[in-house]
Asks: 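Below are the structure tokens for one structure; questions will follow.
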Amino acid sequence: MKMRVAVLLAVFAVFCAADAQTCALDGLMSSLTESVASAVLQKVTLSCIDASARGSLADCPAGYKPTGCSCGNACGSWDIRNDQTCHCQCANQDWTAARCCKIAVK
């Protein structure tokens with residue numbers, strides 16, 4: 001079914017490219033694209049949690065990815081290591097926190 005839709009869209013695109021001034025399918029293609037995007041977004045959820053630890057490293061649980069970090073001692077320098085761990089770069093950190101999110105399909 002997906003292949004049929006892709007082929008149909010390709011045929012529409014070729015048709016419209018050949019006669020762009022009289023192409024009445026632009027609206028249809030735009031509506032179809034919006035419809036497909038809307039259907040996909042209705043099946044997806046974003047779930048986020050906080051993870052914190054003493055010291056300069058905070059790991060996100062399995063399945064989650066860090067989207068932002070926070071550091072103690074007014075440290076504003078951090079990075080994300082191995083796509084899983086928040087690392088505060090200042091010396092002598094008392095705590096590090098990570099905002100961890102995952103995308104799930106309903």
Side-chain angles (χ1 to χ4, degrees):
M1 178 65 180
K2 291 179 184 178
M3 185 61 148
R4 290 180 189 165
V5 171
V7 169
L8 185 59
L9 287 174
V11 170
F12 286 155
V14 169
F15 174 75
C16 287
D19 192 6
Q21 291 191 2
T22 60
C23 181
L25 299 175
D26 278 343
L28 175 63
M29 288 179 64
S30 177
S31 295
L32 184 59
T33 302
E34 288 175 13
S35 176
V36 169
S38 177
V40 169
L41 290 175
Q42 288 176 359
K43 295 180 181 179
V44 173
T45 60
L46 180 64
S47 174
C48 297
I49 60 171
D50 293 320
S52 61
R54 291 187 169 275
S56 61
L57 300 172
D59 292 317
C60 288
Y64 287 83
K65 299 295 179 191
T67 59
C69 306
S70 182
C71 306
N73 297 330
C75 176
S77 297
W78 54 267
D79 60 86
I80 296 173
R81 293 184 173 180
N82 300 322
D83 204 30
Q84 196 68 31
T85 304
C86 278
H87 168 243
C88 290
Q89 298 173 352
C90 300
N92 303 318
Q93 285 303 296
D94 53 349
W95 60 268
T96 300
R99 185 67 173 166
C100 307
C101 298
K102 70 176 177 177
I103 297 173
V105 178
K106 294 179 187 175

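These numbers come from the heavy atoms of this one structure, side chains and all, not from hydrogens, waters or symmetry mates.
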Asks: For Q93 versus C75, what's the shortest heavy-atom pair and its separation?
Replies: NE2-CB, 3.5 Å
Asks: Indicate the atoms forming the closest heavy-atom contact of C71 with S77, along with that distance.
Replies: SG-O, 4.1 Å
Asks: How many angstroms lie between atom OG of S56 and atom CG of N73, to the nearest 0.5 angstrom?
Replies: 11.0 Å
Asks: Which heavy atom in C60 sits nearest to a heavy atom in Y64, and how many Å separate them?
Replies: CB-O, 3.9 Å
Asks: For C100 and A51, which heavy atoms make the closest approach, and how far apart are they?
Replies: SG-CB, 4.0 Å
Asks: Under 3.5 Å, is there a donor-acceptor pair between the side chain of Q84 and the main chain of G63?
Replies: no
Asks: Is it true that I103 and V105 fall in one hydrophobic cluster, defined by side-chain heavy atoms closer than 4.5 Å?
Replies: no
Asks: Are any of the side-chain heavy atoms of K102 and K65 separated by less than 4.5 Å?
Replies: no
Asks: State the CH2-OG distance between W78 and S70, to the nearest 0.5 angstrom.
Replies: 9.5 Å
Asks: Regarding C69 and C86, I want to know if their SG-SG distance comes in below 2.5 Å, which is how I'm defining a disulfide.
Replies: yes
Asks: List the atom of D83, the atom of P66, and the distance in Å for their closest heavy-atom pair.
Replies: O-CD, 3.6 Å
Asks: If you look at every heavy atom in V44 and K106, which pair is closest and at what distance?
Replies: O-CE, 4.3 Å
Asks: With a 4.0 Å cut-off on N to O distance, would you call D50 and R99 a salt bridge?
Replies: yes
Asks: For G55, is there any backbone N or O sitting under 3.5 Å from a side-chain donor or acceptor partner on T96?
Replies: yes
